[in-house]
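For reference, the structure is listed below as structure tokens.
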Amino acid sequence: MRLLIALIVLSSSLALERKTFEGYKIVKAFPENSEHLQWLNHLKDQNVDFLQPATKEGRQAIMLLNPQQYIFTKTAFDSINLSIDILYDNVERHLQEMWKRLSKKKAFDINDYNSFEDINQGLDDFVGSCPSGASCNIENIGSSTEGRPLRVFKISKSGANRKIVFFDSAIHAREWLAPATNLKLLEAILKQDTQDAINLLNKYDFHFLIIHNPDGYVYSWEVDRFWRKNRSPNAGSFCIGTDLNRNFDVNWGTDGTSTNPCSETYGGSSAASEVETQALQNYAQRVGDSVIVWTSIHTAAQIILHPFGHTENGICVRAEDHDDLYRVANAFADAIENTYDTLWTRGNSCEEIYPTSGSTSDYVKAVVNIKYTYTPELRGPGFNPGKEAIELSSNEIWNGVKAMISEIEAVEKL
Ligand SMILES: [Zn+2]
């Protein structure tokens, strides 16, 4: 019995030990020609972790490199005259400062990053501060692999044929700025302290899934800050997790996904094999007819993407209503740019970043038939910007969302 207790204590203490990023660097590269791009894509095949993908010449890529990868990469890049800038010289030192700050934080704080537990407390408290004339409630739309709830916060008003504006975030666990920004959008609607927020809630209901991948999110807090996938075990492999944004039942297993369970883009054992995917698919099917726009928030590349991600005969597929999607994406991105004079790319996701399949956005577009669906890749840098990024990100996305809805109304003559 004593041995058993010792083993349990040992395994639980091992499980809680954080992975160290001592000596890791986060670096930025600007590919200027096709040879540079080829090299960057080669590194991706070698399992180098790209925090911002290498997509086009003249567009920056950001990588997380362990000490060996850095030496190899620096030598290779020197030989082809591709220079790299070091954003973080020792990632662990940067993370330690953040963990120190966060360990002092004792409760939910909307202007900082929050644990899964604190976010749930924050959502519960938000129900109690619902604006007059509206109703607020939380629906559990399913459970994660490890049994954590997937909670959709709904703010609604009574009235016939009201449409839903939907936001999800944290399908990729490490993209902490996404749920932080999503929470600020929720707060903007809930507070009703601007005329824009009042007008929007008078017209639409708002649904927010702040944490789509709770197991991965908790793991990114407790063990590995840069964890992306969910935490579901894979038969026949020591590697854990599926990339939920390659697991949706739409063109599954075709473009931009991997069959290797150790890959960051592993699409799962079959279409919608993961309970987190199933929960959101079922929810989308249930409410889809009422959704006017579905936005899945990611980080970090300063891009507004819209469907589709996949290819046919090697060519990126555009939706039939591509022009409408692109027009609204332009309004969304322009309003963001005008907030802090930044530059945002916009367009078809296959054309603007790379081919993908099995994403949330493509599923709700192609299978649920929600016309407008967007994937903002928020500002960075990388997946671990300081807490000051939350205010900047939420201000620009709030402006973007208002412009997006207004442009949809103009196109659809609503
Ligand atoms: Zn992502």
Side-chain angles (χ1 to χ4, degrees), residues 26 44 47-55 59-64 113 144 150 166-183 185 208-221 224-231 241-248 250 255-258 263-268 274 276-277 280 294-310 344-350 352-365 373-385 389-390 393 397 400:
I26 294 180
K44 196 177 173 199
N47 283 334
V48 164
D49 196 355
F50 277 77
L51 306 185
Q52 188 172 322
T55 54
R59 198 179 285 174
Q60 72 174 13
I62 297 179
M63 291 156 276
L64 172 68
Y113 300 103
S144 67
L150 273 61
F166 178 87
F167 299 94
D168 69 77
S169 49
I171 188 173
H172 289 147
R174 61 195 183 182
E175 298 171 7
W176 288 7
L177 187 58
T181 301
N182 204 2
L183 280 163
L185 293 177
F208 303 87
L209 173 60
I210 304 296
I211 305 289
H212 182 195
N213 172 15
D215 299 347
Y217 188 74
V218 168
Y219 196 75
S220 74
W221 274 74
D224 181 348
R225 172 65 191 88
F226 293 99
W227 189 260
R228 167 184 166 102
K229 301 188 284 183
N230 76 349
R231 292 292 302 161
T242 288
D243 181 353
L244 298 174
N245 209 34
R246 300 291 183 278
N247 188 239
F248 280 73
V250 57
D255 291 301
T257 183
S258 172
S263 165
E264 293 287 12
T265 54
Y266 175 58
E274 304 308 297
E276 296 89 352
T277 311
L280 196 53
W294 182 295
T295 304
S296 296
I297 308 174
H298 289 245
T299 72
Q302 298 194 180
I303 300 182
I304 301 294
L305 300 169
H306 60 72
F308 287 106
H310 67 288
W344 283 60
T345 306
R346 67 293 302 265
N348 172 286
S349 82
C350 175
E352 291 303 329
I353 48 168
Y354 42 61
T356 56
S357 55
S359 70
T360 318
S361 189
D362 280 6
Y363 179 82
V364 298
K365 174 73 177 167
T373 167
Y374 292 96
T375 303
E377 291 265 1
L378 305 179
R379 60 168 54 225
F383 299 131
N384 201 53
I390 297 171
S393 173
I397 296 301

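Order of appearance sets the numbers: ligands from 1, and atoms from 1 within every ligand. Residue numbers run from 1 in the order of the sequence given.
H298 pairs with exactly one of N245, L305, T360, I303 by the side-chain contact (heavy atoms from CB on, under 4.5 Å) rule, that one being N245.
For R174, the salt bridge (charged side-chain N to carboxylate O under 4.0 Å, His left out) partners are D49, not counting sequence neighbours.
Put simply, the side chain of W221 never gets that close to the backbone of D224: no donor and acceptor are under 3.5 Å apart.
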Using the side chain to side chain donor-acceptor pair (under 3.5 Å) rule, take S263 and N47 through it: C-alpha gap first, then chi angles, then the decisive distance, then the call. CA-CA 7 Å; S263 165; N47 283 334; 5.3 Å; no

Run T373 and S361 through side chain to side chain donor-acceptor pair (under 3.5 Å) and show every step you take. CA-CA 6 Å; T373 167; S361 189; 3.0 Å; yes

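For R59 and E352, the salt-bridge test passes: some basic side-chain N is under 4.0 Å from an acidic carboxylate O.
Shown are the protein N/O/S atoms under 2.8 Å from the Zn ion (ligand 1), given by residue and atom: H172 ND1, E175 OE1, E175 OE2, H298 ND1.
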